Amino acid sequence: MKIDRLLAMTILLLNRGRISAKELAERFEVSTKTIYRDMDTLGQAGIPIIAHQGTSGGFEMMSQYTISRQLLTMDEIGSIFTAVKGVRAALDDRTLDRLLDKVESLLQRSDPKPGVSQPDDLLFDLNPWGQGKSARDKVRLLRQAAGETQKVKLQYINMNGTDSWRVVEPGRLILKGNVWYLQAYCTLREDFRIFRVSRIQEMSMLPDLFNPRELPPLESYDWNPEWSDKEAYSMVTLRFSPLVRHRVGDSFSPEQISLLEDGSLRVQAELALDEWFYGMVLSYGGQAVIEAPELAANEVMRRAYKIVEQYRKPDRLLST
């Protein structure tokens, strides 16, 4: 509908600044002539839109113009309120309490408050299950260090179990799924790195200040197969008991899983035969079997025997 398009354009111009007629036409799937007519309509309605000519031209809203609360529905205000509550639970940040108050102030006295008159039908809880106070304390300290541009010294254990001390310049915190990560410049590696916060054993803010660097876009951290040793990958066939069907669905994509007649599941996937793989298989106990390749099955068997021998020792000393 035209009225919906006009409202969407108004909000887009408020948020984006100058936008060309061509971009608007592509976004709303109409002709540029329609866009020009829409801009005339908005102008006649009293919305202060400025048109700029030339190669860098386009439409933009006057900077003094703001949106009225009446353009937000109760459901939209409720969604904002719910999202802010979820972020507050993850960060334990008092400033978010003030933001919640501001969102509530958008309501009229007669409006029901979100989550009070009826239970929330949607809940954003970004706080991972089982995350204790220590995890939130880490996040809080790293946010403070990033905001005050202070370096942080931390003890970190990487994915291979290697322990090291690093001095980093915190950039941003990232909540990916239910795991916190820190994007920071590592002075040891002289490059940006992503650190999993749960693997930080100890850390402290240093008095040394740093000049903030431009952070690489997160898209640059997308997995690139060329980063890995292709020779370490093999086509693996695993069979799982029906008792662990829920876990299999969490770990593998549907196209990798097939259901067998006896109720068991077969997984075929190209995987790296590394510590993660063997740890994953062993974590299933007797509910998982490697059907191929044989060398991977033999390696799991060797590790299982080593575990058995470990418990046969009278003093149960850990072997290296």
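What you see is a predicted model, and the numbers here were worked out from it, not measured in a lab.
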What's the spacing between Phe195 CZ and Met203 CE if we round to 0.5 Å? 12.0 Å

Do [X] and [Y] share a hydrophobic cluster, counting only Ile, Leu, Val, Met, Phe, Trp and Tyr and linking them when any side-chain heavy atoms are less than 4.5 Å apart?
| X | Y | value |
| --- | --- | --- |
| Phe28 | Tyr36 | yes |
| Leu282 | Ile290 | yes |
| Val168 | Leu141 | yes |

Is a donor from one side chain sitting under 3.5 angstrom from an acceptor on the other, for [X] and [Y]?
| X | Y | result |
| --- | --- | --- |
| Ser283 | Arg247 | yes |
| Thr41 | Gln44 | no |
| Asp208 | Gln150 | no |
| Arg239 | Thr237 | no |

Salt-bridge present ([X], [Y]; N to O < 4.0 Å):
| X | Y | result |
| --- | --- | --- |
| Arg266 | Glu291 | yes |
| Arg302 | Glu299 | yes |
| Arg37 | Asp40 | no |
| Arg303 | Glu275 | yes |

If you draw the axis of the six-membered ring of Trp165, does the NZ or CZ of Lys153 fall within 45° of it and under 6.0 Å from the ring centre? yes

Looking at Tyr156, is Arg166 sitting on its ring face, NZ or CZ under 6.0 Å from the six-membered ring centre and within 45 degrees of the normal? no

Looking only at atom types and distance, does a side-chain atom of Ser234 sit under 3.5 Å from a main-chain N or O of Val236, one as donor and one as acceptor? no

Keeping Ser20 on the side-chain end and Glu23 on the backbone end, is there a donor-acceptor pair under 3.5 Å? yes

More than 12 foreign heavy atoms under 6.0 Å from CD of Glu255: is that the case here? yes

So, do [X] and [Y] sit near enough that their side-chain heavy atoms are less than 4.5 Å apart?
| X | Y | result |
| --- | --- | --- |
| Val300 | Tyr278 | yes |
| Val197 | Leu142 | yes |
| Met39 | Met9 | yes |

Stepwise salt bridge (charged side-chain N to carboxylate O under 4.0 Å, His left out) check, Lys22 with Glu26: CA-CA 6 Å; Lys22 182 176 181 295; Glu26 291 175 352; 2.6 Å; yes

Which atom pair, heavy atoms only, marks the closest approach of Gly263 to Pro242? O-CG, 3.2 Å

Can you say whether the rings of Phe240 and Phe252 are parallel (under 30°), tilted (30 to 60°) or perpendicular (over 60°)? tilted

